[in-house]
Amino acid sequence: MDLKPNFIFFFPILLILILPINPNFVSASATPNPRCIATEREALLTFKNALTDSSGRLSSWTGPDCCSWTGVLCGDLTGHVIKIDLRNPNPITNSDEYRRGCLGGKLHPSLSRLRFLSYLDLSMNDFEGLEIPGFLGGIISLSYLNLSSSSFSGKIPEGLGNLSKLETLDLYAESFSDSGEFSLHASNLEWVSGLSSLSYLDMGYVNLSDVGEVWLEEFDRIPTLKELHLFKCELKSLPSSVSSVNLKQLEVLDLSENSLDSPVPEWLFGLTSLRKLFLRWDFLKGSIPSGFETLKLLEVLDLSNNLFLEGEIPQALGSLPLLKYLDLSANNLQGQIHGFLDASSRSKGGSSLVFLDLSSNNLAGTLPESLGALKNLQVLDLSSNSFTGSIPPSIGNMPFLKRLDLSFNSMDGTIPESLGKLKELVDLNLIQNSWEGILQSSHFVNLRNLKSISLTTEPNRSLVFNLPHGWIPPFRLSYIQIENCQIGPIFPMWLQIQTELTSVLLRNTGISGPIPDQWFSAIASEISYLNLADNRIKGRLPQKLEFPKLSTINLTSNSFEGSFPLWKTNATELLLYGNKLSGSLPRDIDVLMPRMQKIYLSHNNFDGEIPLSFCEISGLQIISLKNNHFSGEFPDCWHRSFMLWGIDVSKNNLSGGIPSSLGLLPSLSVLLLSGNVLEGRIPDSLQNCTGLTSIDLGGNKLTGTLPPWLEKMSSLFMLRLQANSFAGRFPDQLCSLPNLHILDLSGNKISGPIPKCIGNLPALAHGTSSEVFENLFYTVTRGRENGEIINIINLSGNSITGEIPGEILTLSYLRVLNLSRNSMDGSIPEKISELNRLETLDLSRNQFSGTIPRSLPAIASLQRLNLSFNHLEGRIPELLKFDDPSIYTGNKLLCGKPLPNKCPGDTHHNRLS
């Protein structure tokens with residue numbers, strides 16, 4: 001903490017009166033003649049020579065008068081050096097200016113020759129792990145010592161306890177050094193008792209874990225202490241057995257970010273001079289005691305992020321007359337807030353609260369009218385709770401409110417017109433609720449300072465902006481997020497005039513009319529995020545614009561027409577899928593969008609060839625061009641695209657072979673080329689892409705056998721090669737793939753039996769998690785119509801013969817087993833019931849014979865079944881969930897319900913089981 005005083009200008013006559021009283025505190029620069037004491041000048045030069053000073057901050061330390069040197073102050077009458085202030089003048093710690101301004105090197109003991117030195121500030125420098133020298137404890141004239149954030153390390157010298165005149169000691173140890181992490185520690189605190197004049201002590205980031213529970217006892221020996229900062233000191237306990245403490249003058253106590261793991265102790269309530277109390281991230285537990293009512297002078301209370309504080313908010317907190325800042329966020333508080341707010345409303349002179357954060361708790365109920373009694377409030381954050389109902393009309397009684405956050409609740413009522421009275425409101429966040437009703441101009445009429453509005457409701461709720469088309473609001477927004485609310489169908493004037501926007505999210509707002517080119521042009525220079533997804537916006541996009549700050553463009557699921565926008569931008573993500581855009585893509589797309597990482601153009605009408613310039617975008621990660629009319633060959637130029645990991649060009653008219661240069665992509669994970677007219681074999685170069693997780697080459701004209709190198713693909717999650725002309729046998733190597741969840745070889749020319757080793761597929765046999773692989777797949781296929789990936793083996797449409805091997809029945813996490821449209825035969829084994837996660841079983845259109853296993857009903861998860869068109873015989877088991885005759889049709893020798901064929905021995909009144 002910087003305690004340098006704030007000086008004001010005094011008239012000359014006042015200076016004359018003061019000089020005789022405080023002669024030592026007048027700068028030597030006020031006199032024209034050198035007054036520096038030679039021995040102290042030499043001591044300073046020796047001290048300087050031991051330092052490193054890359055920026056030349058001490059370049060003025062030359063010449064005879066040390067009292068005129070930067071950072072040095074002498075007493076006017078005595079000429080003795082009384083103050084050295086070498087704090088880094090650059091406060092931004094991650095800047096080059098800060099790093100250049102850091103002093104380093106060594107601290108020479110010549111400083112101890114300055115017998116009248118009372119002020120020493122070496123803070124915000126970089127001494128790269130230097131230990132605090134013990135000689136500092138010998139400068140007994142010191143009243144101010146600041147060594148904070150200067151990368152000192154090691155043990156704090158106990159000799160500092162000799163500084164009986166010290167009033168301020170700042171050892172805050174957070175380091176900003178580029179040369180490593182450094183830390184201070186203390187094994188005991190007995191030495192602090194010698195600091196009999198100390199008023200301010202900051203030991204933030206100093207490791208006190210070895211001190212034990214006696215830390216409070218040691219600090220309690222400094223009755224003059226007014227501020228004690230022990231932020232992140234690795235304290236492991238909070239003394240609870242202390243009956244009272246002597247720190248009667250203590251005004252500020254910060255114990256934040258320690259592992260106290262205890263209830264709020266009662267001894268705190270004896271510190272009746274406390275003005276500020278910080279106990280955040282301390283893992284406090286239990287309820288908040290009502291004893292806080294004794295701290296009548298408390299202005300700031302921070303109990304946030306303790307996670308385990310529970311119970312209701314006590315009324316005692318609402319009755320504290322001077323409380324301005326209250327943060328109880330990120331705890332486990334429950335119940336309603338009526339009692340707390342009612343107590344605040346009854347305070348004499350009204351509530352003093354300026355900041356109230358109750359976010360991220362389990363608070364519930366409706367918001368009471370007494371909320372409006374917080375007339376001085378500037379920040380109100382009730383987000384991430386379970387509040388219901390409407391915003392009370394009394395919200396308009398907060399004339400100073402600047403930020404209102406009710407996001408992530410269950411509020412299902414209306415937003416009152418009194419919101420429009422909040423003239424000072426800057427930030428309004430009401431997202432993730434279930435609002436309903438109508439918003440009119442009166443809701444916004446006086447919000448002249450509004451810069452950010454975030455408002456969403458559920459898709460099945462109705463929240464309508466009923467504003468006159470030509471209405472001009474008093475605000476100019478920089479941030480807007482509105483989702484699932486009715487704004488359209490036209491793009492209204494109140495949005496058209498928002499030309500100072502830096503972030504826009506207008507999703508599913510019912511806008512169907514075109515957006516004026518002038519609006520895009522007006523926001524182009526400052527916009528960083530643009531999302532107009534899930535509307536029905538028609539018209540054409542302006543062609544040639546520059547967006548220097550834009551990072552994300554999302555115009556998906558609209559009705560934009562015309563050609564690809566020739567926008568010059570540094571955006572990293574472009575989403576245009578689900579529109580009616582057409583024509584070819586620009587050949588110089590790498591010039592227009594050189595920093596593009598993810599490009600989604602699926603479900604449009606683009607045609608022509610895929611530009612070779614995609615290969616020139618060095619940071620490209622995902623290309624998604626599914627369901628267009630691209631033709632020609634897929635580019636074979638991927639020798640520079642080291643970041644590319646996702647490709648989806650399925651459902652186009654691409655021809656030729658799969659390019660071998662895909663094997664040069666070290667990061668390739670998802671490769672989706674299905675639904676084209678690709679020919680030839682799978683290139684062997686793909687075996688170099690050992691990180692492949694999903695391959696879909698289905699619906700092409702590919703030939704050859706399944707490559708044996710597939711066994712190397714240990715990350716392979718999905719392999720879909722259906723509807724091609726692959727031949728040969730089912731390779732045994734597939735059985736060893738540890739993460740294979742989806743296997744579809746249907747519609748090829750594969751022959752021979754199912755290998756018995758198929759039961760060894762680890763992911764399907766043992767239920768290996770697929771979440772990571774599914775997330776990769778969905779990230780690439782945004783906008784695809786399929787909503788869910790399921791575990792599946794599909795061997796349909798082949799010429800596989802023979803019985804189902806018993807090993808296949810061990811696939812306990814198989815959800816879909818589809819062997820339909822093959823020439824498979826043999827009986828259905830009883831052990832099929834061991835597929836206890838199976839949801840779909842399709843064995844139709846084969847040559848299976850024998851009876852239906854009576855254990856089949858044991859598969860409780862089974863939802864879909866098809867055994868039609870086989871040679872099954874005998875009685876159908878009592879499968880109560882499956883009474884559709886089409887499931888069994890085509891099996892002439894089956895009998896029993898639901899088929900009309902009666903089994904031998906059946907009567908009208910009895911069915912043998």
Side-chain angles (χ1 to χ4, degrees), residues 614-615 620-623 633-650 654-674 676 678-746 748-750 752 755 757-758 760-764 768 770 772-774 776-777 779-781 793-795:
F614 273 127
C615 298
L620 194 61
Q621 298 177 18
I622 294 174
I623 301 175
E633 296 188 358
F634 189 70
D636 192 6
C637 55
W638 301 106
H639 54 286
R640 296 184 183 179
S641 305
F642 297 108
M643 304 295 291
L644 188 61
W645 64 268
I647 298 174
D648 184 1
V649 293
S650 51
L654 299 174
S655 57
I658 298 174
S660 59
S661 65
L662 291 176
L664 300 175
L665 299 175
S667 301
L668 190 61
S669 175
V670 178
L671 179 61
L672 310 176
L673 306 177
S674 63
N676 286 285
L678 300 173
E679 300 175 332
R681 296 173 175 266
I682 300 176
D684 286 339
S685 63
L686 282 181
Q687 66 183 304
N688 299 323
C689 305
T690 55
L692 274 167
T693 63
S694 297
I695 301 176
D696 188 351
L697 308 179
N700 283 287
K701 297 182 178 181
L702 300 171
T703 56
T705 58
L706 302 186
W709 48 259
L710 284 171
E711 66 177 326
K712 301 178 182 178
M713 300 293 152
S714 59
S715 297
L716 200 60
F717 156 71
M718 179 181 77
L719 178 62
R720 301 190 69 213
L721 305 177
Q722 77 283 3
N724 280 284
S725 296
F726 292 110
R729 301 169 69 88
F730 188 114
D732 291 357
Q733 295 90 334
L734 292 182
C735 299
S736 63
L737 295 177
N739 291 296
L740 191 63
H741 285 70
I742 301 174
L743 176 60
D744 190 343
L745 304 178
S746 62
N748 282 284
K749 299 178 181 179
I750 297 173
C757 68
I758 199 169
N760 298 329
L761 279 169
L764 298 178
T768 308
S770 64
V772 172
F773 306 110
E774 291 185 35
L776 290 171
F777 181 86
T779 300
V780 175
T781 59
I793 287 184
N794 189 339
L795 306 177

N/O donor-acceptor pair under 3.5 Å between Asp684 side chain and Trp709 backbone: no
Could you list the residues that satisfy disulfide bond (SG atoms under 2.5 Å apart) with Cys615, not counting sequence neighbours? Cys637
For Gln687, enumerate each residue passing the side chain to side chain donor-acceptor pair (under 3.5 Å) test, keeping only those at least two apart in sequence or located in another chain. Lys712
Do any N or O atoms from the side chain of Ser674 and from the backbone of Asp696 form a donor-acceptor pair under 3.5 angstrom? no
Side chains of Asn739 and Ser715: any donor to acceptor distance under 3.5 Å? no
Going from OG1 on Thr779 to CG on Asp648, what distance comes out if it is rounded to the nearest 0.5 angstrom? 12.0 Å
Could you work out, with salt bridge (charged side-chain N to carboxylate O under 4.0 Å, His left out) as the rule, every residue matching Arg681, not counting sequence neighbours? none
Under 3.5 Å: donor-acceptor pair, side chain of Asn724, backbone of Leu702: yes
Main chain of Gly698, side chain of Asn700: is a donor-acceptor contact present, judged purely on distance under 3.5 Å? yes
Using only atom types and a distance under 3.5 Å, with no angle test, would you say the side chain of Thr693 pairs donor to acceptor with the backbone of Ser669? yes
Looking at every heavy atom in both Leu678 and Ile658, which two are closest together, and how far apart are they? CD1-CG1, 4.2 Å
Is there a side-chain contact between Pro666 and Phe642 (heavy atoms, below 4.5 Å)? yes
When rounded to the nearest 0.5 angstrom, what is the spacing between CG in Leu740 and CG in Leu710? 9.5 Å
Spacing of Gln733 atom CD and Met713 atom CE [to the nearest 0.5 Å]: 12.5 Å
Measuring from atom CZ of Phe614 to atom CG of Leu644, what distance do you get when rounded to the nearest 0.5 angstrom? 10.5 Å
Hey, can you tell me if Phe717 and Phe773 have their rings parallel, tilted or perpendicular (30° and 60° cut-offs)? parallel
Enter the distance from Asn748:CG to Thr703:OG1 here, rounded to the nearest 0.5 Å. 10.5 Å
Point-to-point distance, once rounded to the nearest 0.5 Å, from CG of Leu671 to CG of Leu665: 9.0 Å
